[in-house]
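What follows is one structure encoded as structure tokens, with my remarks underneath.
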Amino acid sequence: MKKYIAILGFGVVGSGCADVLDTNKKLIAERCGFEIEVKYILDLRDFPQSPYADKIVHDYNVILSDPEVELVAEMMGGSHPALEFSLAAMDAKKSVVTSNKEVVATHGLELLSCAKENAVSYMFEASVGGGIPVIHTIDTSLVQNDIKEISGILNGTTNYILTQMNTAGADFESALKEAQAKGYAEADPSADVDGIDACRKIAILASLAFGKLIPTECIHTEGVRTVARKDVEIAAAAGYAIKLIGRTFADNKNICAYVCPMLVKNNDPLSTVNDVFNGIKINGDAVGEVMLYGRGAGKLPTASAVVSDIINILSGSGVSYSWQKAEGSDIIDFDNVVSKQYIRTSSKSALLDGALDIGGAYITGEMSEAEAEELVKKLNASGADVLARIRILG
Ligand code: HSE
């Protein structure tokens, strides 16, 4: 028996998805009991040299009106027209899978309620962690746990850049160019380097863990542009790696999510996650700490995750989530988040007398964000200009 799908967007991930389905066609058919055939590929461009050239269509209605197509795999990226195309597919009673974190983090509630109304599935394993099966793990293997916290390295491009800065002495721009050449980066590099991509991913993980979608504008987000080589070196000498961390936790039903560069101690397994790899630590009340590790970006790893959703849905194991919108009162104010601080100043200051001198910078005790901001103001006013402040994980 054959089951038919359509691919929307024949870019890096879309072509990877066609390749995985083709390369592993026999294996998938043996395991699932049916063959999966890509009937159409929607793209604005033609691909005359591609082995899939005869499947390319430019009119979405061809796909929508074909009752043989059970599922649409959206890999277009961006919110529009991905949102409209996904809604139209579900209204036509076709399930949708996506690798598109922007559309899930921004329009997830609307997409999930459309899936419910039409009794189809909307799944997005590839939207977080590239090839790492993190969504399925939270949703199935850890479903019996009250999740306390998720912390992770969620963006392959910035992890590649930080690793190159740490181990190869690379500067920021050349490391970014390499990541782009390898196909890891988003079309707009600011989505990676300014933390926007990681913000969308932590929003999705928070929703899975706590059932509430935090609007991305309520997630404190910083990228890696301000991370200086000097801080990477001082941190390394003191036994830390600087990583872009996405973190979400719950406290008495209130939830918090944020993204920022953090110092990660060398004995924390996240510190060993390098290059394009992602690592995600999940803390559940019964299981304790679980860490998932794998390639967080790239053609075939991301396609692997897309195809797992396709297979789950076509096998009858598709899921539909019911998320609520996190309202203001559900969200913990970032000012109240507590952490130790790495602080580098232009000169010594008595205000840092209680802090640990790590040679070139200081590590303070725990303080809230509001207290840390106050300390920065006082240091600047005292003439010891703050050249870097980076939070410490754990
Ligand atoms: N640009 C993203 C990253 C791709 O570098 O992680 C995978 O989501």
| So, S304 side chain and L300 main chain: donor-acceptor pair closer than 3.5 Å or not? | no
| said: Would you say S174 and D171 are linked by a side-chain donor-acceptor pair, where the criterion is simply a distance under 3.5 Å? | reply: yes
| query | Are E369 and R391 within salt-bridge range, i.e. N to O under 4.0 Å? | reply | yes
| query | Between the side chain of D330 and the main-chain N/O of A326, is any donor-acceptor distance below 3.5 Å? | reply | no
| message | For a quick test of reading the model, state the closest non-hydrogen atom pair linking V319 to M123 and the distance between them. | response | N-SD, 3.6 Å
| field | SB check K148 D146 (cutoff 4.0 Å) | value | yes
| request: Output, in order, the C-alpha distance, side-chain angles, deciding distance and verdict of ring-ring contact (aromatic ring centres under 6.0 Å, His included) for Y342 and Y362. | output: CA-CA 6 Å; Y342 164 102; Y362 296 87; 9.4 Å; no
| said: Regarding N118 and D91, do their side chains bring together a donor and an acceptor under 3.5 Å, going by distance alone? | reply: yes
| For the hydrophobic clusters of this structure (ILVMFWY residues joined by side-chain heavy atoms under 4.5 Å, transitively), does one cluster hold both L352 and I392? | no
| said: Under the rule for side-chain hydrogen bond (donor to acceptor under 3.5 Å, both in side chains), what residues qualify as partners of K201, not counting sequence neighbours? | reply: D197
| Are the side chain of H220 and the backbone N or O of V259 linked by a donor-acceptor pair below 3.5 Å? | no
| query | Between the main-chain N or O of L375 and the side-chain N or O of E373, is there a donor-acceptor pair closer than 3.5 Å? | reply | no
| message | Between K243 and N274, is the side chain to side chain donor-acceptor pair (under 3.5 Å) condition met? List the steps. | response | CA-CA 9 Å; K243 298 290 183 188; N274 287 322; 3.0 Å; yes
| request: Determine the sole option in K2, K93, K3 for which the salt bridge (Lys or Arg N to Asp or Glu O under 4.0 Å) test with E70 is passed. | output: K3
| query | Between the main-chain N or O of R45 and the side-chain N or O of D43, is there a donor-acceptor pair closer than 3.5 Å? | reply | yes
| Does D188 use its side chain to pair, donor to acceptor, with the backbone of S190 at less than 3.5 Å? | yes
| message | Using a 3.5 Å distance criterion without hydrogens, assess whether the side chain of D333 forms a donor-acceptor pair with backbone atoms of N336. | response | no
| Between E149 and S151, does any side-chain donor sit less than 3.5 Å from a side-chain acceptor? | yes
| query | With no hydrogens and no angle check, do the side chains of D192 and N155 hold a donor and an acceptor under 3.5 Å apart? | reply | yes
| field | Exam field: side chain S127 to backbone F124, donor-acceptor pair closer than 3.5 Å | value | yes
| said: Between D309 and H136, is there a side-chain donor-acceptor contact under 3.5 Å, judged purely by atom types and distance? | reply: no
| said: Which residues pass the side-chain contact (heavy atoms from CB on, under 4.5 Å) test with K265, not counting sequence neighbours? | reply: Y240, N267
| Would you say the side-chain atoms of S339 and Q341 include a donor-acceptor pair closer than 3.5 Å? | yes
| task | Would you check if the side chain of E371 reaches a backbone N or O of S368 as a donor-acceptor pair within less than 3.5 Å? | result | yes
